[in-house]
A.B. asks: 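Okay, here's the structure, questions in a sec.
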Amino acid sequence: MKMKKVTAMGMAVLMAATMIPAVPAMADDAGKVYYLNFKPEQDEDWQNLAKEYTEETGTEVTVVTAASGQYETTLQSEMAKSDAPTLFQVNGPVGLKNWKDYCYDLKDSDIYSQLTSDSYSLKDGDAVDGIAYVIESYGLIVNKTLLEKAGYTLDDIKSFDDLKKVADDIQSKKDDLGIKGAFTSAGMDGSSDWRFKTHLANLPIYYEYKEDGIDDTDAIKGTYLDNYKNVFDLYITDSTCDGSELSAKTADDSRNEFVNGEAVFYQNGSWEYGELSKTFKDDELAMIPIYFGVDDANEGLATGTENYWCVNKNASEADVKATLDFMNWCVTSEAGTKSMAEDMGFTIPFKTAEAPSNVFVKQDAEYTEAGLTPVSWNFTTMPSEEWKNTLGSALTAYAAGSGSWDDVKSAFVDNWATEKALSE
């Protein structure tokens, strides 16, 4: 294992959220770019890429990164300013509803012509309002060294029952192994709770949609909520901490527990590769599916996108042009594609993409080539942020022992119908 290094990203993100810089003033006829970035883990990479573009072209590019879980709030605040973002993002059709009146039509843009498939565009009628800029995967990240120390290999985990057996055993001998738990803390702080109220919650939605042959619904049934409970129970019992502590546990806490070798399993995605590769060698890491006890033999990683670039049509003509030029440079130039592949670890859906070095991306391709079915990202159909927040609160109370699983079911099913009706 490489020398361990715990990132100070959490502080940087907090500063980005609380100290939003003013966009540099420029001549009226000079186009500029203001990118409100969604992904805190890539903030440094975007800052570096923006600097390189400015040095190459003379175009001023400002990148501001919203704190984890605060993008929508930050976007609302920034869009109300005179120097609003020229480049922002939405998470899919539901997110687009709030911002479609701000979206420049990208159908004639250079970047749209670079897409490998029209399925990576986000449309409102004939207008192309958004373009996906990264395809990602998530699952359970595994410290293979610790897993083997506990007497197991990846071949021992091919189903939920296998996962539970291995995790329970690891938890029972955690002191002998010198770790704090099988799983990192399932933090329900705002920087971390999206992993469970959104990403984990995608699994019961995915399997229900698949069974019913649909891709959205106004009334979720909750067919697979018992499976959701089984996985979440595993996270909060075979954990580095007691369930009552999870409300205050952050994304940094969870990552640091994994980086410091305090847990074997860590639910997160391919976007974590950049940080984890500072500590681990590729052969020490793996990502396995979040086995759900439904169709484990055929389940691959959860693969998709909720990251769609949109251009602010209310920006000046010069700023719109500058923004379109910057976007296209990011996905076609040697510097841009190299940074997105190697520094950010992205798989980008563009013709000139460079193959990423990200080991998790490679494993996703291996799963697919082996005939396993990627779990689609259906959480983009979740009714609203309020629905997610209500579910998150119910999960937090359940983990702490002050709420019941029936409360979680109600937040999932009843509130889905309520929020869907409000969104119409």
A.B. asks: List the atom of I131, the atom of S109, and the distance in Å for their closest heavy-atom pair.
C.D. replies: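 Scanning both residues completely, I find the closest heavy atoms to be CD1-OG, 4.4 Å.
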A.B. asks: Any donor-acceptor pair under 3.5 Å linking the side-chain atoms of Q114 with those of T332?
C.D. replies: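 T332 vs Q114: no donor-acceptor pair found between side chains.
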A.B. asks: Given side-chain hydrogen bond (donor to acceptor under 3.5 Å, both in side chains), test D233 with Y398 step by step and report yes or no.
C.D. replies: CA-CA 10 Å; D233 281 348; Y398 173 74; 2.7 Å; yes
A.B. asks: Can you tell me if D319 uses its side chain to pair, donor with acceptor, with the backbone of K32 under 3.5 Å?
C.D. replies: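 Looks like yes, one N/O pair under 3.5 Å.
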A.B. asks: Just by distance, do the side chain of S333 and the backbone of G336 share a donor-acceptor pair under 3.5 Å?
C.D. replies: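 Yes; at least one donor-acceptor contact below 3.5 Å.
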A.B. asks: Do W416 and T217 have side-chain atoms, one donor and one acceptor, less than 3.5 Å apart?
C.D. replies: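 Result is no, nothing qualifies.
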A.B. asks: Can you check whether W387 and F412 have ring centres sitting under 6.0 Å from each other?
C.D. replies: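 Yes.
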A.B. asks: Is the centre of the F258 ring less than 6.0 Å from the centre of the F280 ring?
C.D. replies: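 Yes: the rings meet the under 6.0 Å criterion.
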A.B. asks: If only side-chain N and O atoms count, and only distance matters, is there a donor-acceptor pair under 3.5 Å linking T240 with E262?
C.D. replies: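 On atom types as modelled, these side chains do not qualify, holding no pair under 3.5 Å.
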A.B. asks: Determine whether a donor-acceptor pair (N or O, by modelled atom type, separation under 3.5 Å) exists between the side chain of S113 and the backbone of D110.
C.D. replies: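 Confirmed, S113 side chain pairs with D110 backbone.
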A.B. asks: Between H199 and W194, what is the ring plane arrangement, given parallel below 30°, perpendicular above 60°, and tilted in between?
C.D. replies: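 Ring orientation of H199 relative to W194: perpendicular.
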A.B. asks: Answer yes if the side chains of D189 and S191 hold a donor-acceptor pair under 3.5 Å, and no otherwise.
C.D. replies: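 There is such a pair between these side chains.
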A.B. asks: Is it true that a side-chain atom of N260 and a backbone atom of N256 form a donor plus acceptor pair closer than 3.5 Å?
C.D. replies: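 A pair under 3.5 Å: yes.
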A.B. asks: Using the ring pair (Phe, Tyr, Trp, His ring centres under 6.0 Å) definition, which of the options Y35, W309, F350 pairs with Y133?
C.D. replies: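 That would be W309; it is the only one of Y35, W309, F350 passing the ring pair (Phe, Tyr, Trp, His ring centres under 6.0 Å) with Y133.
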A.B. asks: Look at the side chain of T86 and the backbone N and O of Y34, then say whether any donor-acceptor pair between them is shorter than 3.5 Å.
C.D. replies: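 Pair found, side chain donor or acceptor close to backbone of Y34.
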A.B. asks: Would the distance check show the side chain of S77 and the main-chain N or O of T73 forming a donor-acceptor pair, the cut-off being under 3.5 Å?
C.D. replies: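 Checked: no pair found.
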A.B. asks: Is a side-chain donor or acceptor of Y71 paired with a backbone partner of Q89 at a separation under 3.5 angstrom?
C.D. replies: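 Yes; judged by distance alone, with no hydrogens or angles, the pair exists.
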A.B. asks: Do W99 and E72 meet the criterion of a side-chain donor-acceptor pair at a distance under 3.5 Å?
C.D. replies: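 There is such a pair between these side chains.
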A.B. asks: Tell me, do L276 and V259 make a side-chain contact under 4.5 Å, heavy atoms counted?
C.D. replies: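 Side chain of L276 against side chain of V259, heavy atoms only: contact under 4.5 Å found.
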A.B. asks: Tell me yes or no: between the side chains of D43 and Q47, is some donor less than 3.5 Å from an acceptor?
C.D. replies: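 Indeed, the side chains of D43 and Q47 share at least one donor-acceptor pair under 3.5 Å.
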A.B. asks: Is the side chain of N91 donor-acceptor paired with the backbone N or O of E306 at a distance under 3.5 Å, no angle test?
C.D. replies: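 No; judged by distance alone, with no hydrogens or angles, the pair does not exist.
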A.B. asks: State which residues pass side chain to side chain contact (heavy atoms under 4.5 Å, CB included) with N314; sequence neighbours excluded, sorted by chain then number.
C.D. replies: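 So N314 forms a side chain to side chain contact (heavy atoms under 4.5 Å, CB included) with Y102, N312.
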A.B. asks: Taking the six-membered ring for Trp, are F326 and Y53 ring centroids under 6.0 Å apart?
C.D. replies: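 Under 6.0 Å, so yes.
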A.B. asks: Going by distance alone, is a donor N or O of one side chain under 3.5 Å from an acceptor N or O of the other, for T381 and Y209?
C.D. replies: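 Side chains of T381 and Y209: pair found under 3.5 Å.
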A.B. asks: Can you tell me if D156 uses its side chain to pair, donor with acceptor, with the backbone of T153 under 3.5 Å?
C.D. replies: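 Between the backbone of T153 and the side chain of D156 there is a qualifying donor-acceptor contact (under 3.5 Å).
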A.B. asks: Taking K158's backbone N and O only, do any of them form a donor-acceptor pair with D162's side chain (distance below 3.5 Å, no angle check)?
C.D. replies: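 Yes; at least one donor-acceptor contact below 3.5 Å.
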A.B. asks: Within a strict 4.5 Å, meaning less than it, do heavy atoms of the K197 and N389 side chains meet?
C.D. replies: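 Yes; the side chains approach each other to less than 4.5 Å.
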